[in-house]
Amino acid sequence: NAGVMQNPRHLVRRRGQEARLRCSPMKGHSHVYWYRQLPEEGLKFMVYLQKENIIDESGMPKERFSAEFPKEGPSILRIQQVVRGDSAAYFCASSPSQGRTNTEAFFGQGTRLTVV
Amino acid sequence: AQSVTQLGSHVSVSEGALVLLRCNYSSSVPPYLFWYVQYPNQGLQLLLKYTSAATLVKGINGFEAEFKKSETSFHLTKPSAHMSDAAEYFCAVSDQAGFQKLVFGTGTRLLVSP
């Protein structure tokens, strides 16, 4: 059973370009979470999605950032017109369900975005 | 609002020594608490979690943590450090049993010397 797959592992973008980060959850998982880790900081929650629905996007910047989790295919975190401050590691996690004590979210290896 | 404070951005121990990584939390509701480990250029791996059952929680790789409500703490310990324990450790809190929305501390880097 493959784990949470994120690609690309490393992404370099020039200021003003768009960045697309992909996350394929573990098989059977329908809940996806995106976190951002800035240098020397902990992870910060960005958004929580279920298939075709955004459940909680309270951690998403109001502009330039969007996320989706379509019925088919991976979840996508999209950053438009990137700026240097977007440089960070972006982690995706998935879980099979919510609200149960034995639920565990599994993290991917992250995408390290560098904006030059 | 919930928050987590990890005291000490770096902790150094000798191989075989006790490991103690500190975590204090703030939560207006009964918290669910977690410790994760991150190896270089890797994702996070769950070490252990507290979900209102036993206050002493045992995790993987010989780690354990004790939930102390009176001290609002959830410190991580291991009796004897191994070189392979060198990594970044994150404490996190949630207000729900599921892992919907974790609030992470800033992390503690554990250094293990021979």
Side-chain angles (χ1 to χ4, degrees), chain A residues 2-10 21 23-26 29-50 53-60 88-112 114, chain B residues 1-10 21-26 29-55 57 59-60 67 87-109:
Chain A
V4 177
M5 303 300 293
Q6 290 188 249
N7 67 81
R9 292 289 308 278
H10 300 274
L21 288 64
C23 169
S24 296
M26 288 183 69
H29 287 192
S30 59
H31 300 244
V32 165
Y33 320 84
W34 285 94
Y35 289 83
R36 177 166 64 175
Q37 184 180 30
L38 293 169
E40 306 301 322
E41 293 188 17
L43 281 73
K44 297 280 196 290
F45 169 81
M46 298 182 76
V47 62
Y48 164 39
L49 309 106
Q50 293 179 26
N53 286 303
I54 296 175
I55 306 303
D56 183 341
E57 57 180 347
S58 57
M60 288 279 271
Y90 292 83
F91 289 94
C92 170
S94 74
S95 70
S97 61
Q98 64 176 21
R100 295 166 53 185
T101 58
N102 62 346
T103 301
E104 176 179 347
F106 292 85
F107 281 80
Q109 292 183 303
T111 294
R112 279 152 182 84
T114 302
Chain B
Q2 297 176 305
S3 65
V4 170
T5 301
Q6 290 186 243
L7 293 176
S9 59
H10 293 79
L21 304 181
R22 299 179 186 275
C23 172
N24 288 87
Y25 69 90
S26 172
V29 298
Y32 297 93
L33 295 156
F34 312 88
W35 275 100
Y36 283 86
V37 61
Q38 183 182 30
Y39 297 100
N41 297 317
Q42 299 291 317
L44 277 71
Q45 180 182 8
L46 181 65
L47 276 177
L48 49 80
K49 60 186 178 185
Y50 167 76
T51 55
S52 75
T55 56
V57 181
I60 62 171
F67 172 68
E88 186 103 25
Y89 292 80
F90 292 95
C91 182
V93 64
S94 172
D95 61 0
Q96 304 195 37
F99 291 58
Q100 279 190 17
K101 189 173 174 180
L102 295 168
V103 176
F104 282 87
T106 52
T108 297
R109 186 171 299 278

* To do: Would you mind checking which part of A/Q37 comes under 4.5 Å of any heavy atom in chain B, side chain (CB onward), backbone (N, CA, C, O), both or neither?
  => side chain
* Of the non-hydrogen atoms in B/F90 and B/L44, which two are nearest, and what is the gap between them? -> CD1-CD2, 4.3 Å
* Closest contact, heavy atoms only, B/S94 versus B/F34 -> CB-CE1, 3.8 Å
* **Side-chain touch B/K101/A/Y33, heavy atoms, less than 4.5 angstrom** => no
* Part of B/Q38 lying under 4.5 Å from any heavy atom of chain A -> side chain
* To do: Could you point out which residue of B/Y50, B/Y32, B/W35 forms a ring-ring contact (aromatic ring centres under 6.0 Å, His included) with B/F67?
  => B/Y50
* Asked: Do you know which of A/K44, A/R9, A/R112 has the most heavy-atom pairs under 4.5 Å to chain B?
  -> A/R112
